[in-house]
Amino acid sequence: MSQAPKAKMWGGRFDRPPQADFYEFQRSFPFDKRLLPYELAADRAWARALAAAKILTADELAKMIAALIQIEQQAKSDPAWLAASPAEDVHHFVELQLIERVGTLGAKLHTGRSRNDLVATDFRMFVKDAARETRTAVAALVSALLTRAERHLGVPMPGNTHLQHAQPILWSHYLHSHAETFLSDATRLAAAFHSADECPLGAGALAGTAFPVDRAAIARELGFSGITLNSLSATSQRDFALDYLYALSVLAAHLSRLAADMTLFATPEFGFIVLPDEFSTGSSIMPQKKNPDCWELIRGKAGRISAALFALLSTLKGLPSGYQRDLQEDKESLFDAHDQSLAMTRIAAGAVAATEIREERLREAASDPALLATEVADYLVARGVPFRQAHEIVGAIVREAENRGEAWPAFSLARLKSFSPAFEDDLHAWLTVESALARRSVPGGTALETVRAALKGCRERLRKLEEAL
Ligand code: ARG
């Protein structure tokens, strides 16, 4: 149990120190120590701003910066030292360390600022880095999907809706669908980055600092594109964290859907893919088992990502204006959501890259005639039959075949003509997986050349994304 340290950030108006359990309860240092690099950068920028405003002399500034750098180095080289501090939070930690190193000069740094604008600044910087890191991982996942799609171009598979055979598609078309989906996640992550990209420092506790600091210069030094425009909202809103958690929640939902496909495709019933040993685990009792745990865990973890979004939304809902201590609850679940989403994305990219397909099995599954029923209806439409009637006619053919335990593609032309005189002997040439695929050359469709062009386009957009990272 940590006792409140002697050097306090507040306490002048208190008769008694905080009760030990309560001190521990309200501390955030055990988790916000993760913000230390951002805190120290913000401290340096603030020290320079105070010097520019003639509140610190050049000599004091130099001492202060040197001490801040020392703290940074010690924290890097000795994590146990960091963890052992009884500081209330990361802001308190730096102040304690500064005072230890430069005495009363250390007590000058907090001039004109508050933990309220500091924590908002640190947390925004964290979210910006986090969003960029996740975007990099998402780009690698898109690349892995495209590489597999390019490699197997031309292999058909059954396309499903409602988990029932629907129409044939290319395996590459399937993989490209996930690539496009994850590219859209990159867009949402970029939006979260921009939402965090305004510097609150100088907002003070709520009303703005009373010292003539150059907020734009501070923002520039800290890598922000601009400054927040209202000190009250700057210190009490966490929209950037919500935006990031939303982007992560959608990403996690997408990962969980890819995971659902992969676990199904790896079953003996589907048999479309071979689970890579490197990303699978065995059973402690059943020697034959190879389980898709990487995908199951990805799917399972998706829940806690959206839970983090709802946790923060619930914390923020109904809060009065201005900083409230409730806001301290913004960090832990976001850190966890970030760590988990990043790991999930990286593992998914590795597993996709290592997954082999069973091409013969895919071709065999794609040869189910049921997948061509729409083609028969389209054939009739091409011969002038209104689609709804064509649908009815093909439905009747399928029903009769099913009732008699026959395969309708084997029906003779004469028998087919009894359902519709529009049938001719060119039907069977029309009724192949290849022609079903080839007819879908509309942009975004599954025809071979269309998919080839789509993969190229997607690669190009991925390249632009990687350049922008
Ligand atoms: N640890 C606090 C947090 O994470 C820092 C801000 C504290 N501000 C205050 N007025 N008590 O939100």
Side-chain angles (χ1 to χ4, degrees), residues 2-5 7-14 17-19 21-43 45-46 71 75 82-83 85-98 107 109-130 196 199-210 222 228 230-242 244-245 308 311-338:
S2 312
Q3 286 294 331
K8 291 178 293 202
M9 296 195 99
W10 46 266
R13 56 109 59 235
F14 286 77
Q19 188 251 13
D21 284 339
F22 170 65
Y23 182 72
E24 198 58 36
F25 175 73
Q26 58 90 49
R27 288 177 79 209
S28 53
F29 191 61
F31 51 89
D32 72 11
K33 63 180 188 304
R34 186 166 181 171
L35 296 175
L36 184 64
Y38 305 108
E39 172 78 8
L40 290 167
D43 287 336
W46 189 250
I71 297 169
L82 190 66
S85 169
E88 184 173 318
D89 55 28
V90 67
H91 324 288
H92 187 203
F93 172 78
V94 174
E95 192 162 303
L96 289 175
Q97 292 302 324
L98 265 185
L109 182 60
H110 212 53
T111 311
R113 69 176 194 181
S114 154
R115 284 184 290 172
N116 300 351
D117 57 353
L118 256 185
V119 74
T121 304
D122 297 355
F123 201 30
R124 279 173 179 265
M125 289 171 78
F126 175 88
V127 167
K128 283 176 63 185
D129 277 356
C199 184
L201 213 53
L206 73 162
T209 185
L222 295 177
T228 53
N230 180 289
S231 57
L232 188 58
S233 66
T235 45
S236 68
Q237 63 105 318
R238 293 292 183 267
D239 295 358
F240 58 97
L242 287 177
Y244 185 47
L245 287 171
L312 184 56
L313 270 174
S314 316
T315 297
L316 293 172
K317 181 191 171 299
L319 278 190
S321 278
Y323 178 86
Q324 320 290 327
R325 192 65 182 273
D326 314 45
L327 290 170
Q328 180 169 293
E329 288 297 309
D330 59 1
K331 283 173 271 305
E332 276 169 294
S333 52
L334 187 139
F335 289 156
D336 178 69
H338 167 69

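Below, all heavy atoms of this structure are taken into account, side chains as well, without hydrogens, waters or symmetry copies. All ligand and atom numbering here is 1-based and tracks the order in the structure. Computed from a predicted model, the values in this text were never measured in an experiment.
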Trace of the ring pair (Phe, Tyr, Trp, His ring centres under 6.0 Å) decision for F31 with F335: CA-CA 9 Å; F31 51 89; F335 289 156; 7.2 Å; no
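Among all non-hydrogen protein atoms, the one lying nearest atom 7 (C) of ligand 1 is Y323 OH, 3.5 Å. Protein heavy atom nearest atom 10 (N) of ligand 1, with residue, atom name and distance: N116 OD1, 3.1 Å. Distance from atom 11 (N) of ligand 1 to its nearest protein heavy atom, with residue and atom name: R115 NH2, 3.7 Å.
The CG atom of L201 sits 5.5 Å away from the CH2 atom of W46 when rounded to the nearest 0.5 Å.
Atoms of ligand 1 lying under 4.0 Å from any heavy atom of K331, numbered from 1 in the order shown and given with element: 3 (C), 4 (O), 12 (O). Heavy-atom contacts of H91 reach the following atoms of ligand 1: 5 (C) (cutoff under 4.0 Å). Set against the non-hydrogen atoms of Q328, the atoms of ligand 1 under 4.0 Å away are 1 (N), 2 (C), 3 (C), 4 (O), 12 (O).
With sequence neighbours excluded, the residues satisfying side-chain contact (heavy atoms from CB on, under 4.5 Å) with A337 are L245, L248, I305, A308.
In this structure, K331 does not pair ionically with D32, as no charged nitrogen and carboxylate oxygen lie closer than 4.0 Å.
Listed for the R325 side chain is a donor-acceptor partner under 3.5 Å among the backbone atoms of Q26.
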